[in-house]
Amino acid sequence: MVAIVGVGYSGFNSTTPDLSWKEIMYEAALRAYTDAGINPRRDVDSFVTCAEDIYEGFAIFDEFVPDQLGAVVKPTCTVCADFLYGVATAYMQIKSGLADIAVVESHSKASDIQTFGNVVKFAMDPIWLRNIGNAHPYYLAALEMFQYMAQRCLSEEDVARVVVKNKNNALLNPSAPYAANVTIDDVMASPKLFDPMKKMEIAPLADGCVVFVLASDEVARELTDSPVWVKGVGWWSETYGYDTASFSAMYTYKAAKMAYRMAGIENPAKEVDFAEVDDRFAFKELQHLETLQLAGKFEVARLMAEGYFDKDGSLPVNVSGGNLGVGNLLECTGGQKALEVVLQLRGEAGRRQLSDVEIGVAQAWRYLPTHSGAVAVFGV
Amino acid sequence: MIEKIVNPKELRHWDGKIELYWVYTSGKAGDEFFKKLKEEDKFLAAKCKKCGKVYFPPRIYCEKDFSETEFVEVSGEGCVRAFTVARLDAYEKPLDNPEIYALIDIDGTDGCLIHLLGEVEPENVEVGMKVKPVLKPKDEREGRITDILYFKPL
Amino acid sequence: MEVEKISGLKFHKKQDVAIVGAGMTTFKRRLNETGRELSYLAIKQALEEAGITIDDVEMVVMGSAPDTFDGLHMKSEYLLDGSGGSDRPYMRVFVGGGTGVFAPIAGYWHVASGLADVCLVITEEKMSSSYPHPQSAFKYIWDPILDRPLSPNLIWIFALEMRRYMHVHNIKHEDIALVSVKNKANALDHPCAQVAEKITVEDVLNSEPMALPVRRLDVSPPSDGAAALIMVAPHIARQLTDNPVWVTGVGWALDTTWWTNRDLYFPRYVAEAAKMAYRMAHITDPRKEIDVAEPYDPFDYKELHHMEGLGLAKKGEAPILTREGVTQRDGDLPTCPSGGLLGVGNPIAATMGVKACEIYWQLAYRAGKRQVAKEVTTGVCQAWGDLMQVGTVMVMSNKR
Amino acid sequence: MAVGKKDIECPPYAEGTPLSDEDIKEGKVTYVEDHPDIRYSWTAGQAISKFLNGLKEGKILGVKCNKCGRVMVPPRMFCELCYKPIDGWVELKDTGTVETFSISYIDPDAKPLPEPVIVAVISIDGASPHMGIMHILDEVKPEDVYIGMKVKAVWKGEEEREGAITDIKYWKPVEG
């Protein structure tokens, strides 16, 4: 078993004009090490950072990682993926005996990016897709949303309810810059930028950093009396091309299957107490809930309307406010999800604390234009 | 941190860019496809020799079983599976003319293409609508996906 | 300044890791194939050598260096379908130029942790996409505020490091040029080689100056290419082959971003990485126990520099070993028998083909014309990257 | 699992299709060009903001750590070896020593430069040994530069300075 023995974060804010990317990493890392009660220069065997170069504005971001994590001349690497992939990497390193204590870091300095649309476009296939038309690549999500709504017979209100739930949940989270007391009418009145997708259904960008300290069974018990265990972790890629993609988040289905098998969970809808899922586009939350098998294919929207996924519902989802409330944290998205799950499991979530929670799921997608994602199951 | 700057005017930003010119070769499958399109107005797909899946856009391998593929000719026509009207450009500024993007299932293949729709009003687009590609005049073609201007209703 | 030791490693792994197949594409200045087509071609070879199909592969590790070469943000996702990542757990690891050996290290922990029994490691680079020159992409590896305003070229850091190395040990350029001569000649036997040729020390010393002391023939060329490796658990290896090659040690280390704050004459990041790998492989005297080595040689002095970091030569001794012919293919410590990056080409991450793959082929006695003269049991490969920061080391052996 | 390893004499390799620059220029193969507009505005942060503001005033600022005793430049808010906050700021001299140098004949795009540029790592006086920055040397012939040479910063005029590393035009040998 692998445990989380320390967490730290910095943010989350819409901009961070006072701190460089190095300094937000330092702030978050220092808090995580203090939380775990370790000295990174002495105790940590491996450092993993999750970053994509073009989000950062460097050709090789890995260069700029070690100092602020306390990782100078120590095993340190970059995983070009979401934070949860980093958790998987640390998990494997600990399981293979390469590390007893491993640190995972991920951050977003989205406010440094001046042309976000072009950055996403830069990830699109240059030969077959990138230069068609002039629109913002959000249209790719809109196409997927269109098909998903058609297949699941969803109304626009069904999707709008996700925004209402998450932005209101975020009001109880002091680190959620996009919290708002919106109603379904507000969302429905928000302009349709990419039919059928509305402005409010797109998560705006945010800055922040999350650092986790993971440890092997033995070491974790030495460090803390109440570790949070990584019960299972899974990551999966479906395909790259839109011609072969399922348009129904199969990547999450497969990643969840892998994570649940590892965690020994047979009936996720019953066994999972709460979840933090990727909602960088509102419809994605519905899609991800379905593929995480937390609700039946055609039930998700009905349950959402009935309040099943509310913070006082049977299976609270995105109590933190999700990306719609906290913001799009790029590769740190999974970090914010995992952080919320750990805080809830430890009982440290403040006014949004859920009662009697033992198993939580964090899930993240690799954002446009990909069909990859990861899932982690945490428990106490 | 023990001390921090308190005067926001002392905080600095540094502007810069990642600016390069990239030249992407279309590759083996792409080269075949675009040359055929440019010279002969014809469309190619690729069929897996093992499982029979027909890829569009074509590729030289089957991504599921890693077998080789063979090129097959298709009409290039297809049906709209999903569409959206995009109103913002890449800088999040309103587009003067909203663009209709569609996911088009190409006839005779298991694949699809994302491209623009033209010669049709947004309110008249329907799922399942048959569309066909409109190509640039032959002498203006460059062997790129933008040689297809848009798809229009059949 | 003291460097703290890596502590607490017990190496209590779930299972051993064997390599059973490898493959690569030709390395050329520019190839027509897209990155994913190159990946596909390399994987086909590796699967064939291992005698398995893509369906047997459980997980995939992708190694690829800067996105700015291929001209694709999140390029692992773009390369996914040709890299066997379709419908599988697929992850890209990245430590700059060190990725060539780091990708198999990541493959190692996928298998050693017990999460995968068959792991495919694929590395790809298509540097030719970047215009006007692949080196232009390196403009963006520098600190945007402190370095980029000085309009630096990538070669600068090498030149600065090379000068310091030459100065501290009083090494002549002639001795360093011998590495280029040796590797480019070794590459004549490599079917994938881009710049294999017979040259002399004078050719190197008289070649066009780039950033002195670095001259044209001191440098490896930018290339397009891909390489693949199949790593499996022992029970799978047994089914596939009688003589697999085992991964006995891995190590990696990343030094400070502030490279101008260090004395550049010695690669302590390689030394730390090697220390970790040797400890795991129970190697106490690398010079005696290592039979064949593939240190990273993007520049000729780098081979020497890295041999010293790997403990294959004492500080300042590597040029002497080279002059005495110890590092020739028929020498006592054959070094870069593949022809290395200087001879075969330098498609950054895909150099796994001449590093990890080459050591595998050497230890499996499958290197053909490139097979070293002496009997081999243990080999080491190493790569280096970032702003002279990363050392990645993997030790392999044909004895378990 | 399939049949197992085939007995191949030579390691396998796949032949690619090489192209030359001419093949691209003449349009022998199809290709796409792109020149995306990707811009950033990096936050300099606490340490570098202060450093840049110092340069504007003609000062080189460093930081010190009382635990390891190092005086560091470029400045940072934490000592990366002790992993603790720095203990204060130090104004350094604008003189230094050449740690290593190179004579560059090429620009960032690998194109030949009209005149070679001398680049060096210069350890700054007042900071700990080997604590240097990368910068340009001038007012010296390439053949006269040596490791250990004492150099001095040549600043831009006060009104021209904008708080950038290029506020130092270059470094020149200290006379005598």
Side-chain angles (χ1 to χ4, degrees), chain B residues 1-40 42-44 50 57-58 60-61 65-68 89-93 135-136 138-148, chain D residues 2 14-21 23-57 61 63-66 75-79 83-89 108-110 162-167:
Chain B
M1 276 166 227
I2 290 175
E3 52 175 305
K4 274 191 182 176
I5 293 172
V6 288
N7 179 356
K9 285 183 186 155
E10 286 176 17
L11 291 168
R12 296 286 306 268
H13 273 267
W14 195 267
D15 292 338
K17 40 180 139 177
I18 288 190
E19 184 180 34
L20 283 175
Y21 297 81
W22 281 281
V23 169
Y24 307 91
T25 52
S26 330
K28 269 188 157 170
D31 205 33
E32 200 84 25
F33 176 91
F34 289 118
K35 279 185 176 154
K36 198 92 173 167
L37 181 71
K38 190 175 157 193
E39 307 298 339
E40 303 173 37
K42 283 182 177 150
F43 286 80
L44 288 182
K50 196 169 157 200
I60 58 167
Y61 49 85
D65 55 35
F66 260 47
S67 308
E68 285 176 11
D89 70 6
Y91 299 92
E92 305 198 22
K93 298 271 179 315
L135 300 180
K136 274 187 188 167
K138 208 163 194 166
D139 50 336
E140 287 175 26
R141 287 181 209 162
E142 301 167 294
R144 295 174 190 174
I145 193 68
T146 43
D147 285 355
I148 305 174
Chain D
E15 200 85 57
T17 318
L19 293 176
S20 66
D21 279 349
D23 293 337
I24 296 271
K25 276 188 203 126
E26 289 164 13
K28 267 196 187 155
V29 292
T30 57
Y31 62 91
V32 184
E33 286 161 297
D34 203 4
H35 178 221
D37 171 27
I38 298 176
R39 281 177 282 124
Y40 303 86
S41 182
W42 294 280
T43 313
Q46 299 288 332
I48 300 298
S49 288
K50 207 156 171 172
F51 181 63
L52 295 178
N53 294 340
L55 289 172
K56 195 167 163 48
E57 291 168 25
L61 295 179
V63 293
K64 65 167 193 269
C65 169
N66 287 347
R76 54 214 79 168
M77 293 311 288
F78 45 86
C79 172
Y83 209 67
K84 64 178 274 296
I86 47 118
D87 292 293
W89 289 77
D109 292 320
E162 46 180 354
I165 191 72
T166 46
D167 286 351

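In this structure, chain B has no heavy atom under 4.5 Å from any part of D:Ala47. Interface remark: B:Tyr91 contributes side-chain atoms only to the contact with chain D (heavy atom separation under 4.5 Å). The contact between D:Leu19 and chain B is made entirely by side chain atoms (from C-beta outward), counting heavy-atom distances below 4.5 Å. Contact of D:Thr43 with chain B is made through backbone and side chain together, with heavy-atom distances under 4.5 Å. Proximity to chain D (any heavy atom under 4.5 Å) is shown, for B:Glu10, by both the backbone and the side chain. When heavy atoms are compared at a cutoff of 4.5 Å, D:Phe78 does not approach chain B at all. With a 4.5 angstrom heavy-atom cutoff, D:Lys56 does not touch chain B via any of its atoms.
The side chain to side chain contact (heavy atoms under 4.5 Å, CB included) check on D:Asp34 picks up A:Arg130, A:Asn131, B:Tyr24, D:Pro36, with sequence neighbours excluded. Residues satisfying the side chain to side chain contact (heavy atoms under 4.5 Å, CB included) test with D:Lys50, not counting sequence neighbours, are B:Glu3, D:Leu61, D:Trp89.
By the 6.0 Å contact criterion, NZ on B:Lys138 is enclosed, its count of non-hydrogen atoms from other residues, nucleotides or ligands being greater than 12. Enclosure of atom NZ in D:Lys84 by more than 12 non-hydrogen atoms of other residues, nucleotides or ligands within 6.0 angstrom is indicated.
Ranked by heavy-atom pairs under 4.5 Å with chain D, the first of B:Lys35, B:Glu142, B:Lys38 is B:Lys35. Of the listed residues (B:Asp31, B:Asp15, B:Val23), the greatest number of heavy-atom pairs within a distance under 4.5 Å of chain D belongs to B:Asp31. Across D:Ile48, D:Leu52, D:Ile24, the residue that shares the most heavy-atom pairs under 4.5 angstrom with chain B is D:Leu52.
In plain terms, the two heavy atoms of B:Ile5 and D:Gln46 that are nearest each other are N-OE1, 2.7 Å. The two residues B:His13 and D:Ser41 have their closest heavy-atom pair at ND1-OG, 3.3 Å. Listed here is the closest heavy atom pair of B:Trp14 and D:Ala164: CH2-CB, 3.4 Å.
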B:Glu19/D:His35 under side chain to side chain contact (heavy atoms under 4.5 Å, CB included): CA gap, chis, key distance, verdict: CA-CA 7 Å; B:Glu19 184 180 34; D:His35 178 221; 3.1 Å; yes
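Looking at B:Arg144 and D:Glu33, a side-chain N of the basic residue comes within less than 4.0 Å of a carboxylate O on the acidic one, giving a salt bridge.
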